[in-house]
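Structure first, then comments.
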Number of protein chains: 2
Amino acid sequence: MSCEEVFVKQLRDRGLRYTPQREMVLQAVHEVKGQPTAEEIYERVRQLSTCVDISTVYRTLDLLQEFNLVAVIDLGDGQRRYEHLGAHGPRYHLLCRSCGQLFPLPEEEISHFRSALAASHGFAVDLDGVVLPGLCQACLAAREDEAENTRSRGAEE
Amino acid sequence: MSCEEVFVKQLRDRGLRYTPQREMVLQAVHEVKGQPTAEEIYERVRQLSTCVDISTVYRTLDLLQEFNLVAVIDLGDGQRRYEHLGAHGPRYHLLCRSCGQLFPLPEEEISHFRSALAASHGFAVDLDGVVLPGLCQACLAAREDEAENTRSRGAEE
DNA sequence: ATTTATGCAAAGGTTTTGCAGAATA
DNA sequence: TATTCTGCAAAACCTTTGCATAAAT
């Protein structure tokens, strides 16, 4: 079942309606790369039709989230971001604090952590859409180089 | 070295000043339980002195964060929260999506996850102040009971 | 015909900023 | 005395809401 079909079905099941605006927001969610903000999705929608309001975009994104068609992502910059959830299901992310790049984190990495936590605390972690900050390989290496340089410079002086 | 001493030293190192307002904000951070918002810290400060402005509180909290004396916590309710970082160092949290309770997550649980990730992706996760959502033991049990009841009721009818 | 959805505009809440006067080193 | 800091007020920011009109079933 395609995303659109899922959306229509879920709407119908609740007595809600499939409108052109809702269709356009879903399309924009597919088309905009990365993890767009509501504003960015709104801009894409505006390319399709000029008189759609951003409040409609927000309202539609709320629905898509409820239906598990998008995940909400927080990169800690005070703006909500949205990510399309296709057949692949939930995604987990690593955010490099230094370069700002977002890296996907495969499910396998999460599952060990999840079961360890379930065993020790009885807590069922649910990391859908969670963004884990840190330093990526490249930035970590750069930082180590810098520390090395500082040390050797210190020794010379 | 006490928090206050660290704060004063860090300020001096940057040519910044130790003012009564900054002292009171640090004190409030120690005294308010849990993970207070800027507003809550502000209220505590106001008990000490009536004419301190909330913008000063925000500005001081920014400094304390830079100096690693507080961690910033996001419980996903659109309000930044602050947590005092004492000698114990960074804290990790589990947030129950159902009852809203916050549970501490000991360092040991994190470290396996961190080394696994470092080995597989070369990414150094840094979960200081990160809040991992999920379901706590009690809410998980309650949910399972409910599912059980629904099933047996369904069978009766 | 009935109910839901939309656009508009305005409000909402938290956090930030500009600036003149006060305080610190 | 030279900067930094503060309080005040206003702005900025993202998101939500109320309401009359329009659209969908």
Side-chain angles (χ1 to χ4, degrees), chain A residues 4 7-29 35-43 45-46 48-67 70 72-82 129, chain B residues 4 7-29 32 35-67 70-82 129:
Chain A
E4 194 172 349
F7 193 23
V8 174
K9 184 180 184 315
Q10 295 263 31
L11 287 169
R12 292 271 148 77
D13 286 357
R14 304 202 191 185
L16 304 178
R17 293 164 189 180
Y18 192 54
T19 64
Q21 288 90 338
R22 289 179 176 167
E23 186 180 358
M24 286 187 284
V25 172
L26 181 60
Q27 194 184 328
V29 163
Q35 295 70 32
T37 62
E39 188 70 36
E40 287 163 345
I41 293 164
Y42 172 59
E43 278 164 25
V45 170
R46 294 280 294 219
L48 306 170
S49 168
T50 25
C51 70
V52 173
D53 195 72
I54 195 163
S55 63
T56 300
V57 172
Y58 274 109
R59 289 188 272 231
T60 305
L61 287 169
D62 284 349
L63 287 172
L64 291 173
Q65 189 192 350
E66 258 184 78
F67 300 162
V70 303
V72 174
I73 307 282
D74 179 9
L75 300 187
D77 62 350
Q79 258 176 296
R80 213 173 285 167
R81 286 160 195 283
Y82 299 87
Chain B
E4 194 172 347
F7 192 24
V8 173
K9 184 181 184 315
Q10 296 263 30
L11 286 169
R12 292 272 150 77
D13 285 357
R14 304 201 190 187
L16 304 179
R17 292 162 188 182
Y18 191 53
T19 64
Q21 289 90 338
R22 288 180 176 167
E23 186 179 359
M24 286 187 283
V25 172
L26 180 60
Q27 195 183 329
V29 163
V32 181
Q35 295 71 32
T37 62
E39 187 68 39
E40 287 163 347
I41 293 165
Y42 172 59
E43 278 163 24
R44 180 76 192 102
V45 170
R46 293 281 294 219
Q47 291 173 0
L48 306 170
S49 169
T50 25
C51 70
V52 173
D53 194 72
I54 196 163
S55 63
T56 299
V57 172
Y58 275 108
R59 288 187 272 230
T60 305
L61 287 170
D62 285 350
L63 287 172
L64 291 173
Q65 188 193 349
E66 256 185 79
F67 299 161
V70 302
V72 174
I73 307 282
D74 179 10
L75 300 188
D77 62 349
Q79 257 176 297
R80 214 173 286 167
R81 286 160 195 284
Y82 299 87

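By convention in this document, chain letters (A, B, ...) are assigned in the order of the sequence lines, proteins followed by strands, and residues within each chain are numbered from 1.
Side-chain atoms of A/R46 and A/T50 include no donor-acceptor pair closer than 3.5 Å.
Nucleic acid contact class of B/T37 (heavy atoms, under 4.0 Å, all strands): none. Residue contacts for B/L16: at a heavy-atom cut-off of 4.0 Å it reaches the sugar-phosphate backbone alone, with no base atom in range. Nucleic acid contact class of B/R14 (heavy atoms, under 4.0 Å, all strands): none. Using a 4.0 Å heavy-atom criterion, one finds that B/R12 contacts the sugar-phosphate atoms exclusively. Residue-level contact check: B/R59 touches the bases, meaning some heavy atom is under 4.0 Å from a base atom.
Using a 4.0 Å cut-off, some side-chain N or O of B/R22 falls inside it from OP1 or OP2 of D/dT6. The side chain of B/S55 contributes no N or O atom lying less than 4.0 Å from OP1 or OP2 of C/dT16.
For A/E40 and D/dC13, the CD to P distance is 15 Å, given to the nearest whole Å. Atom OH in A/Y58 sits about 14 Å away from atom C1' in C/dG13, given to the nearest Å. Atom CZ in B/R80 sits about 18 Å away from atom P in C/dG13, given to the nearest Å. Distance OH (B/Y42) to C1' (C/dT15): 14 Å, rounded to an integer number of Å.
Ranking C/dA23, D/dG7, C/dG7 by closeness to the B/R17 side chain, first place goes to C/dA23. Across D/dG7, C/dT24, D/dC14, the shortest atom-to-atom separation from the side chain of B/Q21 is found for D/dG7.
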Between B/R17 and B/L11, is the side-chain contact (heavy atoms from CB on, under 4.5 Å) condition met? List the steps.
CA-CA 6 Å; B/R17 292 162 188 182; B/L11 286 169; over 6 Å; no
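In this structure, A/T60 contributes its side chain and A/T56 its backbone to a donor-acceptor pair below 3.5 Å.
Checked options B/Q10, B/K9, B/E4; the residue passing with B/Y18 is B/E4 (criterion: side chain to side chain donor-acceptor pair (under 3.5 Å)).
Pairing each heavy atom of B/F7 with each of B/L26, the nearest pair is CD2-CD2, 3.8 Å.
Remark on DNA chain C: of its neighbouring residues A/T19 and B/E39, the 5'-side contact belongs to A/T19, judged by nearest-heavy-atom nucleotide. Between B/Q79 and A/T60, the one whose closest nucleotide on DNA chain C sits nearer the 5' end is A/T60.
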